[in-house]
Number of protein chains: 2
Amino acid sequence: MMSSTDLEIKLRSAGVRPTKPRMALGGVLFGNGDRHVTAEQLHSESVSEGIRVSLATIYNTLNVFTEAGLLREVAVEGHKSYFDTNTSNHYHYYVEDEGRLMDIENDQITVSGLPSTPAGMKVSRVDIIVRLEKDAE
Amino acid sequence: MMSSTDLEIKLRSAGVRPTKPRMALGGVLFGNGDRHVTAEQLHSESVSEGIRVSLATIYNTLNVFTEAGLLREVAVEGHKSYFDTNTSNHYHYYVEDEGRLMDIENDQITVSGLPSTPAGMKVSRVDIIVRLEKDAE
DNA sequence: ATAGCTGCAAATGCTTTGCAAGGCC
DNA sequence: GGCCTTGCAAAGCATTTGCAGCTAT
C-alpha cells in the first residue's frame, strides 16, 4: 500500500496536479504492486470501488500519467492499450487466450547480436513480448 | 518480381483461392521484396496502381493472408496494424517519428536469460521491437 | 451449381475532443 | 481569479460485419 501523502508526492514530483480523480485512480494503480490495466479495466474496477469517474477521465488520466513517466504504455495488439505501473526496464509475457499481460520476473534477460543502430538514430526503448498459448500437450 | 503463375501457386499452396483482387494485392505485396504495410497504405498504393478494391476487401485479404501464414501481423502501437511480408523469425526497428517499420537485417540476435515458460503454456512467438528516435546529438 | 468473395454502407470498439461547469493554486 | 481538469455527449479512426450480387471451381 501507498499512503495518500506518498501518492500526492509522487504525483507532484512528476509535475501532475493531484486532483481528486487522479488521487483516487492513482490509489488503484499504484497501491497494489505492479499492474497492467486497460482503460476499460481501470474504469470498471474504479466504479466497483465506488470511485465515480467517466471513461474520458480515465483516458485523460492514463495519458497524463504516461507522459509524466508514471506509467508505461505497452502495445500488444491493435485496438487495446495496456498501461503498466512498472516503468523500469523489463519485458512481458502476453497470454493470448486471456488477453493478459505479465511482467517477466527476471532481470537476466539479455539481447545480443543487435546490429548497430542506423545513423542519426538512437534507441529509445526495446520492447520484448513473449506470446504464450496453451500447451496442446 | 514474382510471376503471376508463382503467385497463384503461392496462394493455392496456402489454401487461399486466387481471386482477382487477391492476385492483384498479392502482386503488390509479394512482388517487391519484404514489405511492411498498413491497410490504408496498401489501399492507396493499390488504387494509385489502378487496382480498384474497397478498403473492406483490403482488410479481408490481409486477414486471410495472415491466417494462411502468408503475412505476419506486427503490433506497434494502438490503432494501427502493420502486416509484414517476411514471415520468418526476425525482429523489427520502429522509427517513431515516421511510423515506419523495418526488419532488423541480422539473424544473429539471440535472447538469453528467459525464465522457463509458465506451466501449461508454450511460447507461440517472441516479438522484439527496437524503437528508434532521432539522435539529439 | 454452389460455396466462397466482393463491395457498399452501416455498425462496432477504442480513444479523443468540444464545451460548459467545477476545482486547484 | 485564472488556468487546469472533469464530465458528458458527440466525433474520430481503424477495423469488422450484414447482405445482395458476383466469381471461382
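Just so it is clear, the structure is predicted and the values come from calculations on it, not from any experiment. Here is how names work: the chains are called A, B, and so on, in the same order as the sequence lines, proteins then strands, and each is numbered from 1.
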- [ ] Determine the minimum heavy-atom distance between Pro115(B) and Ile109(A), stating which atoms define it.
- [x] CD-CD1, 4.5 Å
Open item on the list: With a 3.5 Å distance limit and no angle check, can you tell me whether Arg12(B) reaches the backbone of Pro18(B) through a side-chain donor-acceptor pair?
Closed with: no
Open item on the list: Mind checking if Val64(A) touches a base, just sugar-phosphate, or nothing, with heavy atoms under 4.0 Å?
Closed with: nothing
Task: Distance below 4.0 Å between Ser81(A) side-chain N/O and dC14(C) OP1 or OP2 - done: no
Task: Arg17(B) CZ to dC5(C) P, straight-line distance once rounded to whole Å - done: 5 Å
TODO: Could you work out which one of dG7(D), dT15(C), dC3(D) sits closest to the side chain of Ser54(A)?
DONE: dG7(D)
TODO: Take atom CD1 of Ile58(A) and atom P of dG7(D), then tell me their distance rounded to the nearest Å.
DONE: 9 Å
Task: N or O in side chain of Thr57(B) less than 4.0 angstrom from dT6(C) OP1/OP2 - done: no
TODO: Nearest whole angstrom, please: distance from the P of dC14(C) to the CZ of Phe83(A).
DONE: 13 Å
TODO: Take Thr61(A) and Pro18(B), find for each the nucleotide of DNA chain D with the closest heavy atom, and name the residue whose nucleotide sits nearer the 5' end.
DONE: Thr61(A)
- [ ] State whether the side chain of Arg131(B) and the backbone N or O of Val76(B) hold a donor-acceptor pair below 3.5 Å, judged by distance alone.
- [x] yes
Open item on the list: Heavy atoms only, 4.0 Å cut-off, all strands: where does Thr38(B) land among base, sugar-phosphate and nothing?
Closed with: nothing
Open item on the list: Is the phosphate of dT6(C) approached by Thr19(B) (side-chain N or O, under 4.0 Å from OP1 or OP2)?
Closed with: yes
Open item on the list: Can you identify which nucleotide, out of dA9(D), dT17(D), dT6(C), has its nearest atom closest to the Ala56(A) side chain?
Closed with: dA9(D)
TODO: Anything under 30° is parallel, anything over 60° is perpendicular, the rest tilted; go ahead and classify Tyr94(A) against Tyr82(A).
DONE: perpendicular
Open item on the list: Any side-chain N or O of Asn63(A) below 4.0 angstrom from OP1/OP2 of dT16(C)?
Closed with: yes
- [ ] Specify the separation, in whole Å, of atom CD of Glu8(B) and atom C1' of dA24(D).
- [x] 11 Å
Open item on the list: Counting only side-chain nitrogens and oxygens, does Tyr59(A) get under 4.0 Å of the OP1 or OP2 atom of dT15(C)?
Closed with: yes
Task: Options dA24(D), dT15(D), dT15(C), nucleotide nearest the side-chain atoms of His79(A) - done: dT15(D)
Task: Rounded distance (Å) that lies between atom P of dT6(D) and atom CG of Leu62(A) - done: 12 Å
Open item on the list: When you compare the side chains of Asp127(B) and His92(B), does any donor N or O come within less than 3.5 Å of an acceptor on the partner?
Closed with: no
Open item on the list: Expressed as a whole number of angstroms, how long is the span from Glu77(A):CD to dA14(D):P?
Closed with: 18 Å
Open item on the list: Is there a side-chain contact between Asn60(B) and the phosphate of dC5(C), meaning an N or O under 4.0 Å from OP1 or OP2?
Closed with: no
Open item on the list: Expressed as a whole number of angstroms, how long is the span from Met23(B):CE to dT25(D):C1'?
Closed with: 15 Å
TODO: Calculate the interatomic distance between Phe65(A) atom CZ and dT6(D) atom C1'; express it in whole Å.
DONE: 14 Å
Open item on the list: Taking the minimum atom-to-atom distance to the side chain of Arg12(A), which one of dT5(D), dT6(C), dC25(C) wins?
Closed with: dC25(C)
TODO: Give a yes or no on whether the backbone of Thr38(A) and the side-chain of His43(A) come within a donor-acceptor separation of less than 3.5 Å.
DONE: no
Open item on the list: Checking contacts here: which listed nucleotide (dT15(C), dT6(D), dT15(D)) is nearest the side-chain heavy atoms of Leu55(A)?
Closed with: dT15(C)
- [ ] Check every atom of dA14(D), dC3(D), dC5(C) against the side chain of Arg22(B) and return the nucleotide holding the closest atom.
- [x] dC5(C)
